[in-house]
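Written below as structure tokens is the structure these notes are about.
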Amino acid sequence: MDSDLRPPRADESLGDLAKQASEQASTLIRDEVALAKLELKDDIREAVAGISLFSAAGVTALLSVLMLSVAAGFGIGTAIGEGWTWLGFVIVGVVYLIIAGIAAVLGRKHAEEIPPPAPRTTRQAKQTVAATKEIGR
């Protein structure tokens, strides 16, 4: 931020003071926008890295679950008896529906706990607004 903050001189006109205040406000806004960009860029970079790793894990897990589901369906059907393979797959499907319901409830609770983005920028902007209102009095 520029270091042109100085007390007004007695011989400065109101127009000069207004121009100086306008320039300082513009500088302040530019600096806050730059801070927000930096803060969001870091947040996005971390999110993309996490999403990439979760995606790779998800694809691998999905393939594994598909293979294990087929094996479980055939295994349960064979254990029940000849001609009951379909029931083995129904049982596996019901188990997956229960797991999906639990995951949905937990995911919703987690999503409600996510904090708002860019907390430092938000806090700084609120302080700037308060200071500006104080100066205007």
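Position 1 is the first residue of the sequence; numbering continues from there.
Distance check, rounded to the nearest 0.5 Å: NZ of K19 to CD of Q24 gives 12.5 Å. Atoms CG and OG, on L62 and S69 in that order, are 9.0 Å from each other to the nearest 0.5 Å. For the atom pair NZ (K41) and CD (E46), the distance works out to 14.0 Å, reported to the nearest 0.5 Å.
Taking hydrophobic clusters as Ile, Leu, Val, Met, Phe, Trp and Tyr residues chained together by side-chain heavy-atom distances below 4.5 Å, V90 shares a cluster with W84. F74 and Y96 end up in different hydrophobic clusters when Ile, Leu, Val, Met, Phe, Trp and Tyr side chains are linked at under 4.5 Å. When the side chains of ILVMFWY residues are joined at heavy-atom separations under 4.5 Å, either directly or via intervening members, V70 and W86 end up in two distinct hydrophobic clusters. In this structure, L97 is not a member of the same hydrophobic cluster as V65, with clusters built from ILVMFWY side-chain heavy atoms closer than 4.5 Å. Hydrophobic clustering (side-chain heavy atoms under 4.5 Å, transitive across Ile, Leu, Val, Met, Phe, Trp, Tyr) keeps L66 apart from V95.
Of the charged side-chain nitrogens involved, none lies within less than 4.0 Å of a carboxylate oxygen, so that K109 and E113 do not count as a salt-bridged pair. For D42 and R45, the salt-bridge test passes: some basic side-chain N is under 4.0 Å from an acidic carboxylate O.
Nearest heavy-atom pair, V92 versus G73, reported as atom, atom and distance to 0.1 Å: CG2-N, 3.8 Å.
E82 CD: 12 or fewer foreign heavy atoms inside a 6.0 Å radius.
With contacts defined as side-chain heavy-atom distances shorter than 4.5 Å, the pair I76/T85 does not qualify. Annotation: side chain of L28 is in contact with side chain of T128 (closest heavy-atom distance under 4.5 Å).
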